[in-house]
Amino acid sequence: MLTLQTWIVHVLFIFFTTESVGELLEPCGYIKPESPVVQLGSNFTAVCVLKEKCMDYFHVNASYIFWKTNHLTVPKEQYTTINKTASSVTFTDTSSLNTQLTCNIRTFGQIDQNVYGIRIISGLPPEKPKNLSCIVNEGKKMMCQWDPGRETYLETNFTLKSEWATEKFADCKTKRDTPTSCTVDYSPVYFVNTEVWVEAENALGKVTSDHINFDPVDKVKPNPPHNLSVSNSEELSSILKLTWINSSIQDFIRLKYNIQYRTRDSSVWNQIPPEDTASTRSSFTVQDLKPFTEYVFRIRCMKEDGKGFWSDWSEEASGITYEDRPSKAPSFWYKIEPSHTHGYRSVQLIWKTLPPFEANGKILDYEVTLTRWKSRLQNYTVNETKWTVNITNDRYIATLTVRNLVGKSDAAVLTIPAYDFKATRPVRDLKAFPKDNMLWVEWTAPNESVNKYILEWCVLSDKSPCIPDWQQEDGLVHRTYLRGNLAESKCYLITVTPVFADGPGSPESIKAYLKQAPPSKGPTVRTKKVGKNEAVLEWDQLPVDVQNGFIRNYTIFYRTIIGNETAVNVDSSHTEYTLSSLTSDTLYMVRMAAYTDEGGKDGPEFTFTTPKFAQGEIEAIVVPVCLAFLLTTLLGVLFCFNKRDLIKKHIWPNVPDPSKSHIAQWSPHTPPRHNFNSKDQMYSDGNFTDVSVVEIEAANDKKPFPEDLKSLDLFKKEKISTEGHSSGIGGSSCMSSSRPSISSSDENESAQNTSGTVQYSTVVHSGYRHQVPSVQVFSRSESTQPLLDSEERPEDLQLVENTESSAGSFPRQQYFKQNCSQRDTSPDISHFERSKQVSSVNEEDFVRLKQQMSDISKPFEAGQMKMFQEISVADAFGPHTDGLVEGFETVGMEAAVDEGMPKSYLPQTVRRGGYMPQ
Amino acid sequence: MLPAAGEPAAGDSWGLLACLCTVLWHLPAVPALNRTGDPGPGPSIQKTYDLTRYLEHQLRSLAGTYLNYLGPPFNEPDFNPPRLGAETLPRATVNLDVWRSLNDKLRLTQNYEAYSHLLCYLRGLNRQAATAELRRSLAHFCTSLQGLLGSIAGVMAALGYPLPQPLPGTEPTWAPGPAHSDFLQKMDDFWLLKELQTWLWRSAKDFNRLKKKMQPPAAAVTLPLEAHGF
């Protein structure tokens with residue numbers, strides 16, 4: 001290889017030189033040495049010798065020579081011109097591994113000519129191979145390996161040499177891919193010492209390792225024993241016998257063994273003491289094994305004296321030890337279920353299957369005995385791990401044994417206390433905590449000696465009921481872990497019950513998590529009450545299914561739409577919190593996070609708006625304002641009421657209508673023919689804007705009731721009498737339309753003349769024979785004088801007053817109009833109607849009057865009544881009997897005088913300053 | 001000194017003689033086979049004993065293969081032909097009293113001479129073997145047998161006995177005549193292997209006896225084994 005490279009370089013230079021020189025076919029000179037291999041870090045000198053012919057041709061000598069390494073000119077200081085034809089260059093401390101060195105001349109005209117080139121290869125001589133070792137795999141050839149030492153950068157050959165004292169064996173040349181090991185191509189001869197060494201050689205040197213001399217049998221690695229088999233013994237459940245076949249090497253060397261075993265489900269190997277297997281054998285009995293357990297074995301061997309190598313492990317073989325009686329009584333517990341039968345209890349006895357290492361065989365069945373207090377023992381055989389039985393309320397003792405093919409276990413004894421037994425003596429300081437991915441429970445034992453402890457646990461969940469799992473612990477234990485498939489993030493309710501000789505103690509419970517996690521849901525917060533500056537938030541405790549741990553605290557985050565979020569920590573025991581210092585009329589967003597030991601979870605966001613006013617604030621403003629307004633109004637009304645006369649006087653003076661003045665014709669004899677005139681006059685005058693009218697309802701007058709008919713009769717009389725007596729002073733009312741109808745046109749004029757100044761009151765009285773002036777409830781008193789009668793009967797007055805003051809003017813007007821219109825056609829009917837109205841209002845008075853009348857004028861009674869009837873009939877058909885009526889009237893007047901009651905036919909002083917509207 | 005060494009082409013007998021002589025020539029030149037020092041003859045004797053056992057083991061498989069190669073009736077288990085034409089082979093069987101009366105030197109010398117001859121015959125056998133596998137097995141056995149010779153020489157050197165010098169007149173020759181039929185040739189091969197086996201058994205006893213002599217403390221252990229061997 002090296003030679004080839006050099007040769008190529010050589011040829012190239014010949015070619016270049018030939019080309020540049022033209023006719024020259026051979027190089028202009030040469031370099032010595034031709035193909036150097038230089039040790040790294042050493043000095044190297046090369047000499048370039050020019051040929052005479054060339055020197056002549058180019059007119060150069062050795063001083064024209066310059067050197068280049070890898071196309072870089074070597075500094076002149078390293079050159080030495082030996083003579084005219086030769087120049088040398090010296091490199092100290094060569095560090096480059098592969099350098100191209102060329103010898104050049106500079107001819108005239110500064111043309112550089114390449115004379116010759118070589119390639120310098122540098123590297124290191126081989127180091128002495130160390131740690132030579134050989135191994136003889138049984139049935140194969142010997143293989144040796146060694147440590148080649150440092151990198152040489154050169155092609156280095158390793159040769160493994162071996163020989164006997166009498167004979168040399170063929171060299172073993174390393175292959176290119178495994179330069180540090182070699183497998184000899186002859187089978188080793190055991191028991192004859194062989195000497196082995198390695199030679200390493202490259203261009204810079206050759207070195208030999210230390211010789212090793214050994215018997216190949218001491219380097220042997222046997223084949224592992226094969227056909228390993230395992231058999232058990234019915235007599236002894238604790239042993240297994242191994243048998244195997246040794247490799248053929250045992251024919252001439254002795255072996256020792258390693259035997260290892262493990263249970264099927266374990267991964268850790270146990271080793272049989274090597275001294276028990278230190279000699280050649282083909283079987284071995286392993287002792288102290290567990291009954292009914294599957295064991296896996298493997299075996300390997302090596303030369304007995306320890307020289308050589310362990311074989312590979314054999315193939316594994318397994319076997320099961322024979323059964324033994326169960327070594328332990330099973331865990332035993334009971335549950336009492338309510339029974340429907342009186343005096344009995346349903347007891348479910350429960351127990352655990354023994355683990356294989358305690359069952360020591362296939363469990364056939366369980367034997368349960370029940371002993372009632374001082375009673376015979378009952379035996380049961382059960383195949384399952386629970387058994388329900390109805391027992392009385394007495395105390396029972398239950399025992400349980402488990403049976404396999406070989407025998408029975410010891411009995412587990414359980415006392416089921418009597419029905420009325422009160423459990424006491426609980427464990428103290430119960431604690432539960434996770435550790436090493438297990439849930440540990442720790443407690444302090446009660447003072448009395450405990451037979452055993454029962455631990456029950458279940459997952460607390462809202463979705464599923466608590467299905468307890470349980471385990472039994474020895475009476476001396478007070479710290480254990482729950483042996484079950486526990487899940488993370490689940491709340492376990494753990495109950496520890498000590499069991500004493502006379503029955504169970506009272507249970508103690510605690511909650512724990514195997515591993516907490518942040519809650520899977522955050523609490524949902526809502527407002528309970530929102531005030532102007534505060535809000536009461538409330539939330540529900542998280543359901544246990546989403547808690548995933550113990551809720552340690554809550555954090556409430558609240559913010560306005562633009563403001564920063566504020567966080568408040570709240571203890572986990574609270575379900576309510578009041579946010580204070582809120583801004584009124586602002587939208588707040590609030591959410592809540594619940595934290596376990598492992599982290600927190602936000603709940604949904606809730607928004608609420610604080611009101612503008614606090615609760616009651618509006619009321620506090622509105623109510624006083626309303627009250628004030630009401631008070632003011634009331635005061636105003638009261639004031640007005642108190643001063644109504646004054647006000648009326650100022651605002652609404654009672655101006656008498658002179659045209660209605662009857663003072664001029666205060667003659668009862670004036671015929672009512674002026675009816676039309678007066679009417680005409682009234683309309684023509686247009687002077688009754690201020691006329692006050694008392695309206696008397698006259699609707700539906702076509703069919704008078706019998707009572708009405710009576711009153712009709714009565715009022716016929718009244719009319720007659722009124723025509724006789726009613727005064728025209730102060731003008732007439734509508735009712736007294738008969739009056740105006742009576743008054744003549746001249747009378748009207750006179751009345752008009754006095755209307756402005758004189759005020760009148762027309763006492764319109766009526767009454768039957770002066771005895772019923774009070775019945776003159778004629779609607780209104782036109783008199784300005786006190787209505788004495790009315791004063792005596794306040795209710796009448798009231799009525800009148802009401803009519804006057806508050807009934808308003810509209811009904812009067814209405815009446816007026818109606819009345820007038822009726823007057824147009826039948827003025828008599830208007831009378832009737834008026835009286836009817838009166839009667840309807842004051843019927844009682846009327847009746848009373850009738851009484852009075854009857855009392856006063858008994859003598860006339862019969863005749864009068866008869867007459868009255870006649871008249872009423874007559875009146876109904878028209879005013880034909882005036883004269884007759886007058887006669888009566890006179891009588892009536894007299895009667896009134898007799899009573900000493902100056903009734904209302906006299907003009908009176910205006911009372912209370914009020915004027916009756918005319 | 002080695003008159004036959006210069007004529008290797010003179011047939012099988014000459015070749016065997018040559019190789020035997022070469023072996024014998026080289027062995028005395030070795031000062032000691034065990035170059036790790038000279039701890040006495042004990043370890044060498046033990047090793048030689050082990051080697052005979054190892055050779056026994058080897059020969060079992062080799063003989064099986066070779067007799068199969070020879071074919072019936074040679075590979076039949078109860079084939080026991082009379083010893084014909086193999087008179088030149090060294091006889092291992094010897095009267096028990098004679099064997100007991102042998103001294104160490106004579107015992108070792110007889111072993112050495114026997115194996116020297118047997119090795120030469122065996123190499124001749126190797127040259128005739130047809131299959132490569134068989135040749136490889138035979139070559140390995142030859143190498144091992146040569147190792148045994150070296151081992152015996154080492155023991156003899158350790159005990160201070162000189163190696164026997166082969167005399168030209170008494171040298172063993174494996175010179176099958178031209179009249180040898182193929183069957184008789186096979187019979188010779190059969191007897192060679194059989195005699196080799198017998199010699200290995202005898203050597204095991206010889207070296208065990210020697211070993212017990214050299215290592216008195218170990219005698220108590222090895223005696224019952226040997227009693228069983230007889």
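Just so it is clear: chains get the letters A, B, ... in the order the sequence lines come, proteins before strands, and each one is counted from 1. Worth saying up front: this structure is predicted, and the values here are computed from it rather than measured.
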**Message:** Taking 4.5 Å as the heavy-atom cut-off, does anything in residues 136-154 of chain A contact chain B, and if so which residues?
**Reply:** none

**Request:** Can you measure from CD (B:Gln46) to CZ (A:Phe191) and round to the nearest 0.5 angstrom?
**Result:** 8.5 Å

**Item:** Atom pair OH (A:Tyr190) and NZ (B:Lys47), whose distance is rounded to the nearest 0.5 Å
**Value:** 13.0 Å

**Prompt:** Of the non-hydrogen atoms in B:His140 and A:Pro188, which two are nearest, and what is the gap between them?
**Reply:** CE1-O, 3.2 Å

**Request:** Sort A:Tyr186 into side chain, backbone, both or neither according to what part of it lies under 4.5 angstrom from a heavy atom of chain B.
**Result:** neither

**Item:** Under-4.0 Å salt bridge between B:Arg53 and A:Asp251
**Value:** no

**Message:** Can you tell me which portion of B:Arg136 sits under 4.5 Å from chain A's heavy atoms? Options are side chain, backbone, both or neither.
**Reply:** neither

**Request:** Under 4.5 Å heavy-atom distance to chain B, tell me which part of A:Phe214 shows up: side chain, backbone, both or neither.
**Result:** neither

**Message:** Would you compute the distance between atom CG of B:Asp50 and atom CZ of A:Arg254 and round it to the nearest 0.5 angstrom?
**Reply:** 11.0 Å

**Asked** For the atom pair OG1 (B:Thr143) and CZ (A:Phe169), what is the distance rounded to the nearest 0.5 Å?
**Response** 6.5 Å

**Asked** Any side-chain heavy atom of A:Val189 within less than 4.5 Å of one from B:Leu51?
**Response** yes

**Item:** Residue list, salt bridge (Lys or Arg N to Asp or Glu O under 4.0 Å) with A:Asp218, at least two apart or on another chain
**Value:** A:Lys303

**Asked** Would you say B:Asn103 has more than 12 foreign heavy atoms packed within less than 6.0 Å of its CG?
**Response** yes

**Asked** Does atom CD of A:Glu316 have more than 12 heavy-atom neighbours from other groups under 6.0 Å away?
**Response** yes

